[in-house]
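Protein chains get the first letters and strands the later ones, always in sequence-line order, with residue 1 at the start of each.
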Amino acid sequence: MVPYNQKNPFSYVFKFHKADTFRKLLPFIVLFCLYAWAVAYLVKEYYHLPDSSPLHKVTLMHALLGFAISTLLVFRTNTAYDRWWEGRKLWGALVNNSRNLAMKLNAILPENMVEDRTFFSKVIPAFALVLHDHLHKENTRTELFEDAQHGHIFNEIDEDKHIPNQVGAIIYKRVQKLLAQKVITGEQLLFINAELQSLADICGACERIKNTPIPFSYSVFIKKFIFIYVATLPFGYVFDLGYLVIPVTAFILYVLASLELIAEEIEDPFGGDQNDVPTDKIAANIQKNVADIL
Amino acid sequence: MVPYNQKNPFSYVFKFHKADTFRKLLPFIVLFCLYAWAVAYLVKEYYHLPDSSPLHKVTLMHALLGFAISTLLVFRTNTAYDRWWEGRKLWGALVNNSRNLAMKLNAILPENMVEDRTFFSKVIPAFALVLHDHLHKENTRTELFEDAQHGHIFNEIDEDKHIPNQVGAIIYKRVQKLLAQKVITGEQLLFINAELQSLADICGACERIKNTPIPFSYSVFIKKFIFIYVATLPFGYVFDLGYLVIPVTAFILYVLASLELIAEEIEDPFGGDQNDVPTDKIAANIQKNVADIL
Amino acid sequence: MVPYNQKNPFSYVFKFHKADTFRKLLPFIVLFCLYAWAVAYLVKEYYHLPDSSPLHKVTLMHALLGFAISTLLVFRTNTAYDRWWEGRKLWGALVNNSRNLAMKLNAILPENMVEDRTFFSKVIPAFALVLHDHLHKENTRTELFEDAQHGHIFNEIDEDKHIPNQVGAIIYKRVQKLLAQKVITGEQLLFINAELQSLADICGACERIKNTPIPFSYSVFIKKFIFIYVATLPFGYVFDLGYLVIPVTAFILYVLASLELIAEEIEDPFGGDQNDVPTDKIAANIQKNVADIL
Amino acid sequence: MVPYNQKNPFSYVFKFHKADTFRKLLPFIVLFCLYAWAVAYLVKEYYHLPDSSPLHKVTLMHALLGFAISTLLVFRTNTAYDRWWEGRKLWGALVNNSRNLAMKLNAILPENMVEDRTFFSKVIPAFALVLHDHLHKENTRTELFEDAQHGHIFNEIDEDKHIPNQVGAIIYKRVQKLLAQKVITGEQLLFINAELQSLADICGACERIKNTPIPFSYSVFIKKFIFIYVATLPFGYVFDLGYLVIPVTAFILYVLASLELIAEEIEDPFGGDQNDVPTDKIAANIQKNVADIL
Amino acid sequence: MVPYNQKNPFSYVFKFHKADTFRKLLPFIVLFCLYAWAVAYLVKEYYHLPDSSPLHKVTLMHALLGFAISTLLVFRTNTAYDRWWEGRKLWGALVNNSRNLAMKLNAILPENMVEDRTFFSKVIPAFALVLHDHLHKENTRTELFEDAQHGHIFNEIDEDKHIPNQVGAIIYKRVQKLLAQKVITGEQLLFINAELQSLADICGACERIKNTPIPFSYSVFIKKFIFIYVATLPFGYVFDLGYLVIPVTAFILYVLASLELIAEEIEDPFGGDQNDVPTDKIAANIQKNVADIL
């Protein structure tokens, strides 16, 4: 995400940030301007088509489908935004559950069980970190958690298998050991159940969002629709607009393609784009919070 | 689902995948072109109707209802997408609950209770597999889980009755046996309650989505509306567009019918279509995950 | 609900099913055609109003409000659909909870407690059946559950009071008895709590949907809006369309009134209409499932 | 709420109920007709402005913003409806939880603990009644629950403090007393936890809906937008419509203002309007249900 | 939030409150009027462009994109409203959970454990207060809770670390102490689990809303779209409207920019704006409620 200054809402109109769709679409827009120019030249100067040409009335189609294309693109944006926001919520829930688990264990574990306390202060943020790595297909930085005392635990992780699952399993095992040792009671096990459970739930939900783009035929259809719609625009408009057809249709292309582009970008909130959920910062934040508590 | 390359967003404009609505609609579009040509021929060359003909003004109706048809189709797409996404979420939840159940049992069951551990490592993914078979009306592949030790359990399944329910009942029975044997305590029963419960809940929710298409009168109404709308289009547009009416109205047909077609395809996410939830892959994934854990 | 063949999506265009809005609206449409004909006759042949008549420009209003009426009707459909889908989900949840409760009791109750097992195998589906009867104001068919052994339990039900509540209370009483007898433990009571609770929750939610139509002033407003909108349509359109105004405005009436009609039909999913939730089939299904399990 | 006959859907078109927006808007509409008449008189007969006057083209603005005003008003209706429906759901949940709590206590409390049974059969519906009074700022009718045996409990309620909270606290206290007396066990406390908790949750959620109108600047903006939009309408339309501008613009005013009016009415579902959630009937219903059970 | 009188719905049309977008946009609107005047002067009086100028037809673009800009802005408003409403719901949940926790502890803690009772009557509202301060980056007013008896607890809070977490941890610690002292049982710990857990959940969710504006590229795109759309409006409209183009386009600017402005304001419900969630009042309310109960 790019933090932005909300005090001066219109200051971004003239700036072209890296995440700006205008920058990404620039090559397309330039190409399209050449195309529109060619159409204008052919219609107006080469064939000298009169205003009564049937081609002029293709605008009827654009007017009729203008509503359809707009609503479709807003629906597209809407579903993409919902996924992005769900991704953000999942990581928010990871923060909450990590904090709650740390606070509960802090209260349950006697002050003198130092080893167990450090274990959890390492392993809770470790889950967030390996989940970040898992979602971004990065090498897992478990070394962060390796110290003389707990290194052997993380060393047992098999990097070819599902890593967050293995970290989850380690946490469950340790909790069970504490139960067997009567450090925690059966009721206290239930007390921390929701937090333990949420770890695998959040991991699975992130994987779901990451692995499931919107239905393929839908995505292809929208691209075809935009392409044909915009490619036929200059034919109808050139009669009324002359060479002005170039900036006008380019602007329409910019609007429609931007919506599609933004939707594609935000529908995978774990892709490493500018607008994505800052999973690394959130994981670091969890690490800090848990260290403060335990 | 068809995985697609998100780096090159406009590469699909000129390709015609199997799941592409254009391929499916092609026969309709060809027929419609012939129809539009016949209308154009009759109006322009046979009857020589003048532009002042009242038929020309049928376009008024198309403009007025253009909003209605677009919003309706987007609403239609929206509900279909919600069902598809709900189906995907249910199978995501099945993954999460299978993993959590495996991790919890892994922690609870002593290392030396090998038979119980293999039992659960077989029966948890079995639920996902029989649910896949159940939703796709395939023969149940319980043989996958048959081995010398547990074969007799799966052999008791009556293939004429509801199979996922029977697998669920087997799981509950075994858990209860472990409780009676004091391997697990009452609190630990509650500890795994949410996961056990979710199995039947997910199965029932998938059945609900599969068995309940959108209300029949609604579905019929949309088809009639599109049909009449598109069939009357050439009459109004032929006066302005001449023979150009053929590609123009064919494109409008393509847009409207595609939306309806995509909605029909994705509203049943367990139908075996290209865009459907890949329940077999998810079930295989659960099998792999559970085997890694237990 | 009417099952329909999704393979041949456009086959319904020419058929007129019982649930088809076209059949229900036919008398209105015929009346309206007469009205539109009268308007056309008066304007065109009796008064010979010229195209420059201000009446011609009433179309301005229809264009301006065309968007409002479409979005309103789609919003109306949307809320009606949400209620219908919620009703369907509630009965889906009833299936899930009945199954889970049966599976759990099957595991908990010793094989030799035959009387208790038959009791639950009768009383769980009984809840679904009396809820169906309650929602459709039918006589309760508790006789289905009467046998020598349990008849006296159902005979105590007072048919003038709230019947599903009484069945619910019977279930709670029996569970409590089993707890007092130490057949089930305190933890097992919590284990089946969610399912027991859901029975009254589902019943209450169905009643809520059934008893609460959309706000009255909203419903009245939409009807008035459609009526005035459609009744004034022929005046504006007759100048351009002549006698073609009859089919054109009749089609617009068909579209707008269909949306309102479908919304009215599906907003009460327990009304016994063609599109309604098949509560009797679902209840029978629960009976079958529970009998298979217990 | 006004119950209505769904069999005859179009019978309301010519009736003007008390809740009908037409009745409430009548004075505004009459005033506006005078205004539109004045505009028509000035433009057509006093200044004799020609059709080529720029004023004529103000309609361009109305066409452009027609979409915006319609979508905005539908969004407004949507959020208002959501709040109304949430309010209805909360009271539905209150019914469910009161019933479940009564059924559970009926099963838990021995038949001979008459005093405790009457206590709960009085105090559970009392919560609904005081919540109704609290939301409608009426005097609390706790006298309904006063009898020789329990009068002293309700007499302790301080009418200047938050009354539903005090009733909630009384319930919790009694439950705790039963726990101390070992009438209910720790597991049974958890068994009824969800219902106890829901009482304060429902109360708080109703207060939230009641105290939080939609953002002030949004509400003001919509009113200004409608006002300016409608006030400028006659200027553009008078050239084409002559004195017909009066009914046409009055109808547009009726449509837009009705949507805003309905939204304002239903956004507070506890205001005592015709369309509001019938909290008094629901509370009476709870009283009857609980009396039947306990 | 600004309380407003719902009886007189149209009284706000002529008032300009502090939160009114008109006041905030006034400088932009004045500037824009000058710009529109300059365009009108150049087109009409300096260059004397004829109506047949291609510039005249730029209105085609505005008509085509009119749908897109309206739907986009309503979608924008919608997501902003959802965040605002979620923020309000979270603080409503904080009220509910604080009340429930107080009522439960009131019932659980013996009357004579005065110190523990005052502790919770101080620390529960303290959480709401420090959360308010945390969200508004104000100095924490823990002094409110400092008294001879508990001052030392709050003095231990490290103001450079996450304060709500520390208050949460204090609550958990005390609950655990009561459990160790056998004042509360294991079941009672589970009884208050949901309320304890909700504190950190609500805090995390508020932080999520506060820290995550809508995707940057989306926000920038909307601003650019509005800017170019409005800046090109006068060119097309001046031919038809003459100097009337100034108020007309200024009004369109007012409508579009207001929607964006309101969305920006309400999307952060904890920013201290006029329309924001009144977290300080809610926190004070919690303090009063809890004091009444405990």
Side-chain angles (χ1 to χ4, degrees), chain C residues 28 54-58 60-61 63-65 67-72 74-75 78-79 158 161-162 165-166 168-169 172-173 175-177 179 185-187 189-190 193 196-197 200-201 203-205 207-208 212-221 223-225 227-228 232 260-261 264 268 271, chain D residues 1-4 6 9-10 12-13 17 19-22 59 62-63 66-67 69-71 73-74 77-78 81 84 88-89 92-93 95-96 99-100 103-104 106-108 185-188 190-191 194-195 237 240-244 248 251-252 255-256 258-259 262 265-266 274-275 289 292-293:
Chain C
F28 290 92
L55 215 55
H56 188 177
K57 290 295 187 172
V58 172
L60 279 172
M61 179 186 83
L64 200 73
L65 293 178
F67 189 68
I69 210 166
S70 305
T71 358
L72 254 180
V74 171
F75 163 67
N78 212 352
T79 59
D158 180 345
K161 290 184 184 168
H162 192 282
N165 272 0
Q166 295 178 69
Y172 274 118
K173 278 247 145 177
V175 167
Q176 202 61 34
K177 209 192 78 188
L179 184 72
T185 63
E187 283 94 1
L189 178 68
L190 295 177
N193 184 19
L196 295 177
Q197 214 158 275
D201 286 350
C203 170
E207 290 174 347
R208 166 171 53 78
T212 319
I214 64 154
F216 182 66
S217 47
Y218 193 68
S219 168
V220 168
F221 167 67
K223 288 194 186 69
K224 287 199 170 148
F225 187 6
F227 181 83
I228 299 178
T232 53
E260 171 66 14
L261 210 71
E264 294 225 332
D268 175 10
Chain D
M1 284 179 303
V2 184
Y4 59 100
Q6 294 182 310
F10 289 93
Y12 296 98
V13 169
H17 279 262
D20 196 321
T21 55
F22 186 79
T59 50
H62 295 105
F67 311 116
I69 208 167
S70 303
T71 357
L73 283 171
V74 170
T77 311
N78 213 352
Y81 176 81
W84 178 81
R88 181 64 191 82
K89 274 187 168 165
V95 173
N96 300 347
R99 283 179 185 171
N100 258 330
M103 286 195 275
K104 286 179 171 180
N106 178 41
I108 292 173
T185 64
E187 284 93 1
Q188 286 172 330
L190 295 177
F191 187 52
E195 283 81 16
Y237 279 15
D240 290 320
L241 288 167
Y243 283 102
L244 266 181
V248 163
F251 181 59
I252 294 172
V255 168
L256 301 181
S258 286
L259 282 170
I262 293 170
E265 201 179 304
I266 67 180
Q274 285 273 321
N275 292 302
N289 283 171
D292 285 355
I293 296 166

Original post:
Does any heavy atom of chain D fall under 4.5 Å from the side chain of C/Phe75, the backbone, both, or neither of them?
Top reply: side chain

Original post:
Under 6.0 Å from the six-membered ring centre of D/Phe191 and within 45° of its axis: does the NZ or CZ of D/Lys104 meet both?
Top reply: yes

**OP:** Please flag which part of D/Ala194 lies under 4.5 Å from any non-hydrogen atom of chain C: side chain, backbone, both or neither.
**Re:** side chain

**OP:** With a 4.5 angstrom heavy-atom cut-off, could you sort out which part of C/Glu187 is near chain D: side chain, backbone, both or neither?
**Re:** both

Subject >> Side-chain H-bond candidate by donor/acceptor type, D/Asn100 with C/Tyr172, under 3.5 Å >> reply: yes

Original post:
So, are D/Arg99 and C/Glu207 salt-bridged, with charged N and O less than 4.0 Å apart?
Top reply: yes

**OP:** Just give me the residue among C/Leu55, C/Val58, C/Leu196, C/Leu60 that pairs up with chain D most often, heavy atom to heavy atom, under 4.5 Å.
**Re:** C/Leu60

Original post:
Which one, D/Leu256, D/Ile69, D/Ile293, D/Val248, leads in non-hydrogen pairs under 4.5 Å with chain C?
Top reply: D/Val248

**OP:** With a 4.5 Å cut-off on heavy-atom pairs, point out which of D/Ile262, D/Asn96, D/Leu244 contacts chain C the most.
**Re:** D/Asn96

Original post:
In terms of heavy-atom proximity below 4.5 Å to chain C, should D/Tyr243 be classed as side chain, backbone, both, or neither?
Top reply: neither

Original post:
Partners of C/His56 by side-chain contact (heavy atoms from CB on, under 4.5 Å), sequence neighbours excluded?
Top reply: C/Asp51, C/Phe239, C/Asp240

Original post:
chain C: which of D/Leu73, D/Thr185, D/Leu259 shares the most heavy-atom pairs with it under 4.5 Å?
Top reply: D/Leu259

Subject >> Closest approach of D/Ser70 to C/Phe67 (non-hydrogen atoms, all atoms of both residues) >> reply: CB-CD2, 3.2 Å

Original post:
Which bit of D/Thr71 comes within less than 4.5 Å of chain C, counting heavy atoms only: side chain, backbone, both or neither?
Top reply: both

**OP:** Would you indicate whether the side-chain heavy atoms of C/Phe225 and C/Leu65 approach each other to under 4.5 Å?
**Re:** yes

Original post:
Which atoms of D/Ile266 come close to chain C, meaning under 4.5 Å heavy atom to heavy atom: side chain ones, backbone ones, both, or neither?
Top reply: side chain

**OP:** Could you grab the distance from atom CD of C/Gln176 to atom CD of D/Gln188, nearest 0.5 Å is fine?
**Re:** 5.0 Å

